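On a predicted model such as this, the values are computed, not experimentally measured, just so you know. FYI, the numbering just counts along the sequence from 1. As a basis for the values below, the full set of heavy atoms in this structure was taken, side chains included, without hydrogen atoms, waters or symmetry mates.
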Amino acid sequence: MCRAGGGCKRAESERKGPVGAAAGAAPEMGEQPIFTTRAHVFQIDPSTKKNWVPASKQAVTVSYFYDVTRNSYRIISVDGAKVIINSTITPNMTFTKTSQKFGQWADSRANTVFGLGFSSEQQLTKFADKFQEVKEAAKLAKDKSQEKIETSSNHSQASSVNGTDDEKASHVGPADTHLKSENDKLKIALTQSAANVKKWEIELQTLRESNARLTTALQESAASVEQWKKQFSICRDENDRLRNKIDELEEQCSEINREKEKNTQLKRRIEELESELREKETELKDLRKQSEIIPQLMSECEYVSEKLEAAERDNQNLEDKVRSLKTDIEESKYRQRHLKVELKSFLEVLDGKIDDLHDFRRGLSKLGTDN
């Protein structure tokens with residue numbers, strides 16, 4: 001009879017959220033999984049509201065569940081025996097992609113912000129699309145529930161008016177009592193419905209304030225990220241400058257080592273030159289001794305020059321003879337090639353004649369056989 005009251009009780013049990021998480025985190029009998037994926041789960045640090053705290057050491061299963069009896073949706077994730085996500089989806093929730101593989105949403109009932117890290121951008125996109133789809137379904141379910149409450153309220157008011165008219169029209173005792181009891185029940189349901197509406201308005205205001213706090217926290221987090229980026233850029237520039245300085249020092253050390261090697265080579269070269277100088281001085285002494293016999297050597301040199309000129313003339317004659325012999329050899333080779341060609345032609349003709357003689361002999365043998 002009191003549909004609105006029953007619906008309000010369900011809404012109140014759903015609003016309890018994390019209070020009953022320990023017992024009701026696992027899927028109930030009426031709940032069915034509609035989407036499942038794997039991700040690393042994080043929660044916002046409750047003390048700072050800025051840093052992420054890992055809720056799981058590794059990627060765990062994260063699932064959407066649909067409660068047929070309550071017409072509600074939940075995101076549930078369990079790591080071993082520990083429930084790390086038990087979040088009921090409401091129409092005012094928003095899933096935000098903060099990077100290519102990370103997304104987050106705020107749950108005011110759990111008073112926290114959940115974050116999921118996926119292994120690929122495609123998985124993140126699928127989860128976000130499903131979140132939007134479930135959010136729209138939750139909104140439709142809420143609108144239908146509100147319509148039912150309003151319809152029930154109007155019906156109760158109409159019944160109350162009709163009951164009053166009927167009471168005035170007829171004075172039947174039992175029917176009057178029944179209508180009064182029904183009207184009392186409807187009044188109680190309307191009172192509960194109005195109280196629930198006020199609770200929902202308070203909860204909506206709380207959610208808005210929580211959303212504002214989360215927005216401020218996100219802005220502060222973004223500012224902190226920008227500051228860290230600037231510090232990282234400064235450190236990177238300093239690191240590059242130190243690397244360049246190290247490269248310059250290494251280059252200077254290399255130049256010093258090269259100079260040392262050059263000095264060592266110059267010392268060796270000086271020693272070699274001094275040794276050569278001593279050898280040249282020794283040779284000079286020998287040449288001075290030999291200069292005393294230069295006139296004799298000059299006369300012998302003239303004699304040797306005459307012999308050399310005579311040998312050159314003989315050599316020239318021999319070269320002429322060699323060229324003549326080479327010419328004769330070339331002509332002989334040419335004649336040999338020509339003779340080979342003629343011999344080959346003769347052999348071909350001879351082979352033809354021999355074949356003709358064989359044919360002629362076979363003809364004679366055939367004639368002798370025929371005779």
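Under a 4.5 Å side-chain heavy-atom cut-off, the cluster of Ile, Leu, Val, Met, Phe, Trp and Tyr residues that includes Leu347 is completed by Leu343. The hydrophobic cluster around Leu273 extends to none of the other residues, as no ILVMFWY side-chain heavy atom falls under 4.5 Å of it. Counting Ile, Leu, Val, Met, Phe, Trp and Tyr side chains that sit under 4.5 Å apart, directly or through other members, Leu318 stands alone, with no cluster partners. Using a 4.5 Å cut-off between side-chain heavy atoms of Ile, Leu, Val, Met, Phe, Trp and Tyr, Leu350 falls into a hydrophobic cluster with Phe346, Ile354.
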Open item on the list: Using side chain to side chain contact (heavy atoms under 4.5 Å, CB included), reason through Lys135 and Thr94 one step at a time and then give a plain yes or no.
Closed with: CA-CA 8 Å; Lys135 175 182 172 181; Thr94 302; 3.8 Å; yes

TODO: Begin with the C-alpha distance, continue with both residues' side-chain angles, and end with the deciding distance and a verdict on side chain to side chain contact (heavy atoms under 4.5 Å, CB included) for Leu124 and Lys97.
DONE: CA-CA 8 Å; Leu124 173 60; Lys97 296 180 182 178; 4.2 Å; yes

Open item on the list: Is there a side-chain hydrogen bond (donor to acceptor under 3.5 Å, both in side chains) between Glu261 and Gln265? Walk through the geometry before answering.
Closed with: CA-CA 6 Å; Glu261 291 178 357; Gln265 293 176 357; 5.4 Å; no

Open item on the list: Under the criterion side chain to side chain contact (heavy atoms under 4.5 Å, CB included), I'd like the reasoning laid out for Asp67 against Arg74: C-alpha separation, chi angles, the key distance, then a yes or no.
Closed with: CA-CA 8 Å; Asp67 191 340; Arg74 283 200 298 169; over 6 Å; no

TODO: Go through the steps for Arg362 and Lys366 under the test side chain to side chain contact (heavy atoms under 4.5 Å, CB included), then give the verdict.
DONE: CA-CA 6 Å; Arg362 282 195 296 270; Lys366 186 176 182 181; over 6 Å; no

TODO: Report the C-alpha distance between Arg268 and Glu271 in whole Å, list the side-chain angles of each, state the deciding distance to 0.1 Å, and finish with yes or no for salt bridge (charged side-chain N to carboxylate O under 4.0 Å, His left out).
DONE: CA-CA 5 Å; Arg268 292 200 198 96; Glu271 292 176 356; over 6 Å; no

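More than 12 heavy atoms of other residues, nucleotides or ligands shown are found within 6.0 angstrom of CZ on Arg323. Surrounding NZ of Lys49 are more than 12 heavy atoms belonging to other residues, nucleotides or ligands, all under 6.0 Å away. More than 12 heavy atoms of other residues, nucleotides or ligands sit less than 6.0 Å from atom CD of Glu331. Counting heavy atoms of neighbouring residues, nucleotides and ligands inside a 6.0 Å radius, atom CZ of Arg258 exceeds 12 of them.
Using a 4.5 Å heavy-atom threshold, the side chains of Ser63 and Ile76 count as separate. The shortest side-chain heavy-atom distance between Ile34 and Val134 falls under the 4.5 Å cut-off.
Taking each heavy atom of Glu121 and Lys101 in turn, the nearest pair found is N-CG, 4.1 Å. When all heavy atoms of Lys82 and Ala55 are compared, the closest pair comes out as NZ-O, 4.4 Å. Closest non-hydrogen pair, Tyr73 versus Ala138, comes out as CE1-N, 4.1 Å. Between Ile85 and Leu116 the shortest heavy-atom distance is CD1-CD2, 4.0 Å. Heavy-atom minimum distance, Thr48 versus Asn51: OG1-N, 3.5 Å. Minimum interatomic distance between Asp107 and Thr88 (heavy atoms only, all atoms of both residues): OD2-N, 4.1 Å.
Side chain of Thr369 to main chain of Ser365: a donor-acceptor pair is present (N/O by atom type, distance under 3.5 Å, no hydrogens or angles). Between the side chain of Ser332 and the backbone N or O of Asp328, no donor-acceptor pair lies under 3.5 Å. When atom types are taken as modelled, the side chain of Ser345 and the backbone of Val341 share no donor-acceptor pair closer than 3.5 angstrom. Judged by distance alone, with hydrogens and angles left aside, the side-chain atoms of Asn239 form no donor-acceptor pair with the main-chain N or O of Cys235 at under 3.5 Å.
Atom CH2 of residue Trp105 and atom OG of residue Ser87 lie 5.5 Å apart, to the nearest 0.5 angstrom. Rounded to the nearest 0.5 angstrom, Ile75 CD1 and Phe35 CZ are separated by 10.0 Å. To the nearest 0.5 angstrom, Lys326 atom NZ is 9.5 Å from Glu330 atom CD. How far CD1 of Ile44 is from CG of Asn111: 11.5 Å, rounded to the nearest 0.5 Å. With rounding to the nearest 0.5 angstrom, the CD atom of Gln32 is 10.0 Å from the CZ atom of Phe65. To the nearest 0.5 angstrom, Phe131 atom CZ is 8.5 Å from Thr96 atom OG1.
Within the structure, every pair that satisfies the ring pair (Phe, Tyr, Trp, His ring centres under 6.0 Å) test and touches residues 40-59, not counting sequence neighbours, is listed here: Phe42-Phe102, Trp52-Phe102. Applying the side-chain hydrogen bond (donor to acceptor under 3.5 Å, both in side chains) rule to pairs touching residues 309-319 yields nothing, sequence neighbours excluded.
Qualifying side chain to side chain contact (heavy atoms under 4.5 Å, CB included) partners for Glu238, counting only residues two or more places apart in sequence or in other chains: Arg241, Leu242. For Phe127, the ring-ring contact (aromatic ring centres under 6.0 Å, His included) partners two or more places apart in sequence, or in a different chain, are Tyr64, Phe95, Phe118. Residues meeting the salt bridge (Lys or Arg N to Asp or Glu O under 4.0 Å) test with Glu133, sequence neighbours left out: Lys130. Residues passing the side-chain hydrogen bond (donor to acceptor under 3.5 Å, both in side chains) test with Arg337: none are found, sequence neighbours excluded. Legend: residues meeting side chain to side chain contact (heavy atoms under 4.5 Å, CB included) with Lys229, ordered by chain and number and at least two apart, are Val225, Glu226. Thr61 meets the side-chain hydrogen bond (donor to acceptor under 3.5 Å, both in side chains) test with Arg38; sequence neighbours excluded.
We find that Glu272 and Arg269 are joined by a salt bridge, their nearest charged nitrogen and carboxylate oxygen being less than 4.0 Å apart.
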